[in-house]
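Here is the structure we will look at.
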Amino acid sequence: MQAAAAPVSLLQRVQQAYATLHVPEFRACQLCVHATPDGGHCQRDSRRPVPVAVARSGHGACGPNAEHMHVPAWGLSR
């Protein structure tokens, strides 16, 4: 006879759900009109697209506070 499996607690279920949930870093940047079609680069500076992580860094075109984010669906224009 096999031993019964220990019941899964709510906390364990939530932890399992978060482990499988994937929300990309800088998701808002991917929705911004300045994003490249793949969402991985910012082309606000028309000279050349840069990785979103670079654009949002302290020395990047948008900075850590997303100074130039433009997401019309959210009514957000900075």
Side-chain angles (χ1 to χ4, degrees):
M1 181 175 203
Q2 289 183 338
V8 178
S9 72
L10 178 59
L11 176 60
Q12 290 171 321
R13 289 181 188 191
V14 170
Q15 288 172 334
Q16 289 170 350
Y18 274 116
T20 59
L21 180 67
H22 176 67
V23 177
E25 187 176 21
F26 303 120
R27 175 67 177 137
C29 289
Q30 293 178 347
L31 301 174
C32 180
V33 297
H34 301 130
T36 54
D38 68 357
H41 290 76
C42 178
Q43 51 191 7
R44 180 183 175 277
D45 182 356
S46 60
R47 290 177 286 162
R48 63 183 173 94
V50 296
V52 169
V54 172
R56 290 289 302 277
S57 67
H59 62 277
C62 210
N65 295 326
E67 295 293 328
H68 305 288
M69 187 173 290
H70 182 68
V71 184
W74 295 352
L76 178 63
S77 181
R78 292 182 154 188

Problem set entry | Side-chain heavy-atom pair P51, H41 within 4.5 angstrom cut-off | yes
Exercise. Can you name the closest pair of heavy atoms from T36 and P49 and give their distance?
Worked result: CG2-CB, 4.0 Å
Exercise. Closest heavy-atom contact between A55 and V50?
Worked result: CB-CG2, 4.0 Å
Problem set entry | Atom pair NE2/CG of H70 and L31 - distance to nearest 0.5 Å | 12.5 Å
For this session: Is it possible for you to say whether F26 and V54 belong to one hydrophobic cluster, with membership spreading through side-chain heavy-atom contacts below 4.5 Å?
Result: no
For this session: Of all the heavy-atom pairs spanning A28 and V71, show the shortest one and how long it is.
Result: O-CG2, 4.1 Å
Exercise. Between C32 and M69, which heavy-atom pair has the shortest distance, and what is it?
Worked result: SG-CA, 3.9 Å
For this session: Find the distance between CD (Q15) and CD (Q12) and round it off to the nearest 0.5 Å.
Result: 7.0 Å
Exercise. How close do V33 and P72 get, heavy atom to heavy atom, and via which atoms?
Worked result: CG1-CD, 3.7 Å
Exercise. So, the side chain of H34 versus the backbone of H68: is there a donor-acceptor pair under 3.5 Å, distance only?
Worked result: yes
For this session: Can you see which heavy atom on A35 is nearest to which on Q30, and at what distance?
Result: CB-O, 3.9 Å
